[in-house]
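Below is one structure, written out as structure tokens; comments come after it.
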Amino acid sequence: MPDELPIGYYHTNFCKLLAFVQNRYHDLLTHAERACIDDFHDLTPDAQRLFVRLLTRKGPLYRSDRLAYEEIGETEKALDELSSAGFVFALSRNDGEHEWHRIGVSNAEFPEAADEESKGNNGLDTEAVEVSQASAVDVSDVSVEGASKDAVLALLTRHELIALLKTGSTSRRSQLVAEATQLPVAAIVQHLPFRVVMTRRLQEVTCFRLLFFGNTHQNLTEFVLRDLGVAPYETYTIDETSRFFTCRDHVEEVRRAYEISDHCHHLLETPDVTHIERFAGDFPEQISVRATRLLDRTRNQMARQLERMQAEDAALAIYQQSQTHPARERQVRLLIAGDCLGDALLLVNRMLAEPWNEDELEFAYLSKHRILKKLGQPTTPPVRCQPIVNDLVLEAETDLRVEELVRRHYEQQGYQAHYVENALFPGLFGLLFWDVIFSHQPGVFFNEFQRGPVDMFDSRFVSSRQPLIDECFISLSSGNYRHRIRSTFRHKFPAVNYFVHWGMLDEVLLETCLDRIPADHLASVFRRMLRDLRNNRSGFPDLIVFPPGSGYELIEVKGPGDALQKHQRRWFGHFERENIPARVAKVEYAS
DNA sequence: ACCCACCACGCAGTA
DNA sequence: TCGCGTTTAG
DNA sequence: TACTGCGTGGTGCTAAACGCG
Ligand SMILES: [Mn+2]
Ligand SMILES: [Mn+2]
């Protein structure tokens, strides 16, 4: 792992990203996107580098005097070039109000978004796929990118603000900005000692990122962190032929879904029933699973906010459109609270027939019992496991988490004790199933920056890798799993993945676990995890303790007033059925 | 008005 | 002068 | 006891530079 990156590393990385997009997605690109790539390559090296530098910095506004880079010879020239090629706006004090207005800087309180390409529906090539009408909901008002008077003022230092206001005041920056906002644009801009640079074509670049990574949260720093050895990724076989997106409609959907979810996030900051109801009730129809899930999660969040604002009917209406947990659970709660027991029962029966996950199923059992009881019909409460509870009286210690307190308590009793929570069993799972997780399968690895295959958390993970999974369980019977886990731990450290949090494990803990935990216990835990990897990755007990000699026990620590959570309870039910030693340590403080 | 974001967890308040 | 939060770079 | 809202802490490096107060 090199400590140093080659000069121009960021530019190389961006070019790799572009090349990937062009090779793999040429047919899905719009005119504007293709032009963006072509125009970029027509730029001189300096201009290319400068544009990428801008992309890796916080924008969209920059001051030209803060764009000095050793490897970029003439910044001002590069800026001019970027400006005429349409990659940036670069405005100076010599530009008139009209120019500033174009980038959103104007005297009006809410300037019209002037940046035409930000709302433009980029026309598609005749050879390219048509964008479906279904996704043609107007979200231009949520995707406005552009500057503002305040954004320009944010570029100024305190001293520059003072000079601008011609006050000798010693007020704090925010106060100065508030005063300066009152000034007309012309006055603010009049003496700017630098050019204000605004990146353009961000829509296109965002789309390239989405096509490359398959999401919006990964970016160019992934390359850097990998190349520095900070977050190396496993080297798996990348499928040349299959892609994250197979048609333009899906790209548009996912992009729009991200925009909508962003916008909702902002709506939640100043919640207003009518706004939320109107916006969240009118999400576009989705075809792709990814966009659907994203929007459903957003629906759930918005509806939850409506609940908090006592808008129950509005919340119900939103939940009804969501196919993602806990939409039906929330509906049932609302229906019961509103005394619509008949409707609640209907929904509960649908949940029982086709539960979305175990959490929902459990809730359905419980609420069916409650509804029937309210209706005066005969019913029995669902049985729940009764974990063994140990009461512990300990001296409270400041600055120590209760888990750590109990861990030390066990240590004082001569136990080896580790605070592992979700790092242990999922970690062992990841180590044993490593080769399964990263095995070559059609259409699951698309780029070099994945923590696992795309189907990691849906049922296809198991169904399409059954023989490989069987092998792992065979190794558990034969005893070979120990070697497998050890060797993965040594050889794969510190590769990024979904299950192994390297920092939480060490060889001592690992060896003790391999020595003390019977293979069939591991097997039964792994089987339950595999039933639903998304949800059964968590809920594991806080501690694992090893008494002197032999054996082990899992300990869930509970401070005063804390109780088992639902997913923790489900694991305890599993431990009970499988004779896996586990108990709750209930702490009281001696005072 | 993009001030992480997401999630798991603990805790304290409420019925 | 110094500590703090933010931004940047590798 | 269940449910809820809220706060916190981890994940997902780290050193250096800069503006601020
Ligand atoms: Mn815990
Ligand atoms: Mn606990």
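Order of the sequence lines fixes the chain letters, A, B, ..., with proteins taken first and strands second; residue numbering starts at 1 for each chain.
Salt bridge status for A/Glu358 with A/Lys566: absent, with no side-chain N to carboxylate O gap under 4.0 Å. In this structure, A/Arg583 does not pair ionically with A/Glu556, as no charged nitrogen and carboxylate oxygen lie closer than 4.0 Å. Classification of A/Glu329 and A/Arg333 as a salt-bridged pair holds, one side-chain N sitting under 4.0 Å from a carboxylate O. No salt bridge links A/Glu312 with A/Arg330; every basic N to acidic carboxylate O contact stays at or beyond 4.0 Å. Salt-bridge formation is not detected for the pair A/Glu71/A/Arg49: no Lys NZ or Arg NE/NH1/NH2 atom is positioned less than 4.0 Å from an Asp or Glu carboxylate oxygen.
Rounded to whole Å, the P atom of D/dG9 lies 14 Å from the corresponding atom of C/dG5. Rounded to whole Å, the C1' atom of B/dC3 lies 14 Å from the corresponding atom of C/dT7. Comparing the C1' positions of C/dG10 and B/dC2 gives an interatomic distance of 26 Å, to the nearest angstrom. For the C1' atom pair drawn from D/dG19 and C/dT1, the interatomic distance equals 15 Å after rounding to whole Å. Of the P atoms belonging to B/dA8 and D/dG12, the separation is 14 Å, rounded to the nearest Å. Taking atom C1' in both C/dT8 and B/dA1, the straight-line distance is 24 Å, to the nearest Å.
A donor-acceptor contact closer than 3.5 angstrom is absent between the side chains of A/Thr324 and A/Asn300. Using modelled atom types, one finds a donor on one side chain and an acceptor on the other under 3.5 Å when comparing A/Tyr319 with A/Glu307. A/Asn219 and A/Thr221 form a side-chain donor-acceptor contact under 3.5 Å, judged by distance and modelled atom types alone.
Between A/Phe457 and A/Phe499, the ring-plane angle classifies as tilted under the 30° and 60° cut-offs.
The distance from atom CG of A/Asn13 to atom P of C/dG10 is 12 Å, rounded to the nearest whole Å. Residue A/Phe223 contributes atom CZ, which lies 17 Å from atom P of C/dA9 at whole-angstrom precision. If you take CZ of A/Arg293 and C1' of B/dC6, they are 12 Å apart, rounded to a whole angstrom. When rounded to the nearest whole Å, the span between NE2 of A/His11 and C1' of C/dA9 equals 17 Å. Going from atom CD of A/Glu588 over to atom P of B/dC11 covers 14 Å, rounded to whole Å. Following rounding to the nearest Å, A/Phe540 (CZ) and B/dC7 (P) show an atom-to-atom distance of 18 Å. Taking atom CG of A/Asn219 as the reference point, atom P of C/dA9 lies 13 Å away to the nearest angstrom. When the C1' atom of B/dA8 is taken as reference, atom CZ of A/Arg534 falls 15 Å away, rounded to whole Å.
As judged by a 4.0 angstrom heavy-atom cut-off over every strand, A/Tyr9 is placed among the base-contacting residues. Residue-level contact check: A/Arg537 touches neither bases nor backbone, having no heavy atom under 4.0 Å from any strand. At the heavy-atom level, A/His217 lies nowhere under 4.0 Å from the strands shown. In this structure, A/Asp150 reaches neither bases nor backbone, as no heavy-atom distance under 4.0 Å exists between it and the strands shown.
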Could you pull out the protein-nucleic contacts involving nucleotides 2-6 of chain D (nitrogen or oxygen on both sides, under 3.5 Å)?
{"from": "D/dA2", "atom 1": "OP1", "to": "A/Arg384", "atom 2": "NH1", "distance (Å)": "2.4"}
{"from": "D/dA2", "atom 1": "OP1", "to": "A/Arg384", "atom 2": "NH2", "distance (Å)": "2.8"}
{"from": "D/dA2", "atom 1": "O3'", "to": "A/Arg370", "atom 2": "NH2", "distance (Å)": "3.3"}
{"from": "D/dC3", "atom 1": "OP1", "to": "A/Arg370", "atom 2": "NH1", "distance (Å)": "3.3"}
{"from": "D/dC3", "atom 1": "OP1", "to": "A/Arg370", "atom 2": "NH2", "distance (Å)": "3.1"}
{"from": "D/dT4", "atom 1": "OP1", "to": "A/Arg330", "atom 2": "NH1", "distance (Å)": "3.1"}
{"from": "D/dT4", "atom 1": "OP1", "to": "A/Arg330", "atom 2": "NH2", "distance (Å)": "3.0"}
{"from": "D/dG5", "atom 1": "OP1", "to": "A/Arg304", "atom 2": "NH1", "distance (Å)": "3.3"}
{"from": "D/dG5", "atom 1": "OP1", "to": "A/Arg304", "atom 2": "NH2", "distance (Å)": "3.3"}
{"from": "D/dG5", "atom 1": "OP1", "to": "A/Arg308", "atom 2": "NE", "distance (Å)": "3.4"}
{"from": "D/dG5", "atom 1": "OP2", "to": "A/Arg304", "atom 2": "NH2", "distance (Å)": "2.8"}

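Phosphate proximity of B/dC7 to A/Asn422: absent, as no side-chain N or O sits under 4.0 Å from OP1 or OP2. Using a 4.0 Å cut-off, some side-chain N or O of A/Gln565 falls inside it from OP1 or OP2 of B/dG10. Contact check, A/Tyr69 against C/dT8: no side-chain N or O comes under 4.0 Å of OP1 or OP2.
Around atom OH of A/Tyr498, more than 12 heavy atoms belonging to other residues, nucleotides or ligands sit under 6.0 Å away.
The partner of B/dC4, taking Watson-Crick or G-U wobble pairs whose two distances both stay under 3.5 Å, does not exist in any strand shown. Using the Watson-Crick or G-U wobble rule with both distances under 3.5 Å, C/dT6 pairs with D/dA17. For D/dG12, there is no paired base (Watson-Crick or G-U wobble, both distances below 3.5 Å).
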*Can you give one letter per nucleotide of nucleotides 8-21 of chain D, going 5' to 3': B for a protein heavy atom under 4.0 Å from the base, S for sugar-phosphate only, - for none?*
---SSB-----SSS
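For A/Ser538, the side-chain atoms get nearest to B/dA8 when compared with the rest of C/dT8, C/dG10, B/dA8. Among the nucleotides B/dG10, C/dT7, B/dC7, the one closest to the side chain of A/Lys58 is C/dT7.
Under a 3.5 Å cut-off, the side chain of A/Arg195 and the backbone N or O of A/Ser64 do not form any donor-acceptor pair.
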